[in-house]
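Below is one structure, written out as structure tokens; the observations come after it.
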Amino acid sequence: MKIATWNVNSLRVRLPHVLDWLKTVEPDILALQETKTEDSQFPLEPLQSLGYHVVFSGQKTYNGVALVTRMAPENNITDIPGLEDPQRRILAATVGGSRIVNLYVPNGSEVGSEKYAYKLDWLQRVTGWLEGERQRHPHLVVLGDFNIAPADRDVYDPVAFENKLLCSAPERAAFEALLGIGLIDSLRRFDQPEKTYTWWDYRMNGFRRNLGLRIDHILATEALMSACLSCEVDQGPRGLERPSDHAPVLAIFGDSAS
DNA sequence: ATGGTCGGTAACCGA
């Protein structure tokens, strides 16, 4: 079973990349963020024609999440108790017996800003809800754009980013709290190339110079992780013409998840 | 040199 996450920064612009990637990699589940598409405008048919089910929660201009799945998604959720949020950032579904939670965590704008406070509050509320999800679903995957680089090795210049957005102590503590409910950072279960990142700023030739951060993650419960065979970043799509500023992250699970 | 580039949408905002 192949499970992936990809912030596409506008699904309509990135649709050719997404379709090519689905054909090449053939994931069982692909979680998309920043679709930036109202549900009435969602490009459903091209994805369905590849044999996928699709559920989505979008809005105009900003945010938006989707799940592209081989097996039919069940018990879909786009809103959680205790979080009245018009921003479309959460999409959970049960797929093939596993609970899949796709998150587009708020960016936070700047440490100390109103958006930063919203980010931390959002993370706290979502983590509280996920604790219940973890109890209800032994096979739980939480994946998406977390907008948090968990440690200094996830940052191309840790000194410059010290206590800056995406790296501040409260954000990293929020990420640790998420792991604390019983989730594992799948990429760190495996050896990775030096300086493995998932996002590179469009400016400054960031990708060519590998000036990146690792802010997109696939977390899973130990019951699933014990069957995880690999997790890696696919930098290929980031090098295409008109790329997203994020690369997909892909985890592969064997059959023996128990 | 404290910039720079995208996407969405129509002068800027958000990332």
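Per chain, numbering begins at 1; letters A, B, ... match sequence-line order. Note that the structure is predicted; figures quoted are calculated from it, not measured.
Using modelled atom types, one finds a donor on one side chain and an acceptor on the other under 3.5 Å when comparing A/E34 with A/N7. The closest side-chain donor-acceptor pair between A/D216 and A/T198 falls under 3.5 angstrom. Residues A/E171 and A/S168 have side chains that bring a donor and an acceptor to within less than 3.5 angstrom of each other. Counted by atom type alone, A/W200 and A/D245 present zero donor-acceptor pairs between their side chains at under 3.5 Å.
Mapping A/V13 and A/Y104 onto DNA chain B by nearest heavy atom places A/V13 closer to the 5' end of the strand. When each of A/Y202 and A/G108 is assigned the nucleotide of DNA chain B with its nearest heavy atom, A/Y202 is the one assigned upstream, toward the 5' end.
Taking every side-chain heavy atom of A/Y62 into account, B/dG14 is the closest of B/dG14, B/dA15, B/dG7.
Looking at A/E38 and A/K60, no side-chain N of the basic residue comes within less than 4.0 Å of a carboxylate O on the acidic one, giving no salt bridge.
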Trace of the ring-ring contact (aromatic ring centres under 6.0 Å, His included) decision for A/Y104 with A/F146: CA-CA 6 Å; A/Y104 175 46; A/F146 289 73; over 10 Å; no
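For the pair A/R209 CZ and B/dT5 P, the computed distance is 13 Å after rounding to whole Å. Atom CG of A/L213 and atom P of B/dA15 are 16 Å apart (whole Å). Protein atom CH2 of A/W200 is 16 Å distant from nucleotide atom P of B/dC6, rounded to whole Å. Atom pair A/K119:NZ and B/dG14:P shows a separation of 15 Å (rounding to whole Å applied). Taking atom CZ on A/R14 and atom C1' on B/dG8, their separation rounds to 12 Å, with Å as the unit. Summarising the geometry, the separation between CZ on A/F207 and P on B/dC6 is reported as 14 Å, rounded to the nearest angstrom. The separation between A/N9 atom CG and B/dC6 atom P is 11 Å, rounded to whole Å. Distance, A/E38 CD to B/dG8 C1': 12 Å, rounded to whole Å.
Between A/K60 and B/dG8 there is no side-chain polar atom (N or O) within less than 4.0 angstrom of OP1 or OP2. At the phosphate of B/dG8, neither OP1 nor OP2 sits under 4.0 Å from any side-chain N or O atom of A/R12. Residue A/R242 places at least one side-chain N or O closer than 4.0 Å to OP1 or OP2 of B/dG7.
Of the residues in residues 15-24 of chain A, not one comes within less than 4.0 Å of DNA chain B through any heavy atom.
Rounded to a whole angstrom, the distance from the P atom of B/dG3 to that of B/dG7 is 22 Å.
Judged by distance alone, the side chain of A/T221 and the main-chain N or O of A/P138 form a donor-acceptor pair under 3.5 Å.
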